[in-house]
Amino acid sequence: MGNILLMVIVGLAVGIFVISLGGGGGAIYLGVLTAIFQLSPGAAAATSIVTSLPALIMGAWSYYRRGLIDFSLGNRMMIAAIPSIFVGFFISPFFPERVYKIIIGLILAFLGAQLIYKVYRQTDSKKAARISAKTASVLYGIMGGLMVGIAGLSGGGPITTGLLLLGASMAEASATSSYVLVGMSIVGALLHISGGSIDWHAAGGLVAGSLVGAFLAPPVVLWMTAKPNRARIVKLFMGAFIIVMGIRTAL
């Protein structure tokens, strides 16, 4: 009973925090499932993706109703990400996990540092950013897809950070990332379900809490980014968060 209550609380916190930042919370869920429930990597990966999917759908729908999703950019990222999920999943048994973690960690740290640098330079012209959006969005989508396919992570880090680097506001980046992650998580869930058993006992509490958190997230992110100074602080925090995630992944 105590573990279930803890799962609900963790799910609520992750739902608000991560959906506000446009991620799926895969890395956090994986940590909780392996540390508290002692699940194997395969079971934790499958459970974390299935757990994050309902909250992502609710968050994306709420963002859609507010007209914040950039479908053109989001669809391009999703089209690039989905084949990468399959590639990542099928090469994962032959790919040294340590090498993968170092590469992904370095990429995330670089993206976070780039975002912080951009905030300080204040060169977020949307017109200029969109010129290279086609190529860059494909690369960000591939990175996110590989994270889902190989390790069962949400892939939200490179997707959200990439959208911010392409000139999206924090609200637009969170909304579009949530939309992209819905498609990625559906594919990832189907693949990882076939490769690892789901602990529905753990998933139930996380899903319950994360759904409430996802419902509250869009108003939270809109409030946080309503004023330029607050939006700048959120972007700086996002950059620092991605750097920390990258360092933890690489270690």
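Reckoned from all heavy atoms, side chains included, excluding hydrogens, waters and symmetry mates.
Without hydrogens or angle criteria, S185 side chain to L181 main chain gives a donor-acceptor distance under 3.5 Å. T176 places no side-chain N or O within donor-acceptor distance of the main-chain N or O of I69, the cut-off being under 3.5 Å.
Heavy-atom contacts from other residues, nucleotides or ligands closer than 6.0 Å to CZ of F71 number more than 12.
How far CZ of F89 is from CG of L190: 10.5 Å, rounded to the nearest 0.5 Å. The OG atom of S137 sits 12.5 Å away from atom CG of L165, with the distance rounded to the nearest 0.5 Å.
Across I159 and G141, no two heavy atoms sit closer than the pair CD1-CA, 3.8 Å. Here the shortest heavy-atom pairing between E172 and A168 reads OE1-CA, 3.6 Å. Across all non-hydrogen atoms, the minimal contact from L166 to A136 is CD2-CB, 3.7 Å. I243 and A109 make their closest contact through CG1-O, 3.6 Å (heavy atoms, listed as atom of the first residue, atom of the second, distance). Contact record, M184 with G145: CE-N, 3.7 Å, taken as the closest heavy-atom pair.
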Practice task
Would you sort out whether Y179 and D70 count as a side-chain hydrogen bond (donor to acceptor under 3.5 Å, both in side chains), showing the intermediate values?
Solution key: CA-CA 9 Å; Y179 164 69; D70 185 333; over 6 Å; no
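Just one of Y63, Y64, W61 meets the side-chain contact (heavy atoms from CB on, under 4.5 Å) condition when paired with S178; it is Y63.
Put simply, the side chain of R76 does not reach to within 4.5 Å of the side chain of I79, judged on heavy atoms. Side chains of M77 and V180 form a contact here, defined as non-hydrogen atoms less than 4.5 Å apart. Put simply, the side chain of L163 does not reach to within 4.5 Å of the side chain of Y140, judged on heavy atoms.
Residues passing the side chain to side chain contact (heavy atoms under 4.5 Å, CB included) test with A80, sequence neighbours excluded: V138, I142.
In this structure, L164 is not a member of the same hydrophobic cluster as L139, with clusters built from ILVMFWY side-chain heavy atoms closer than 4.5 Å.
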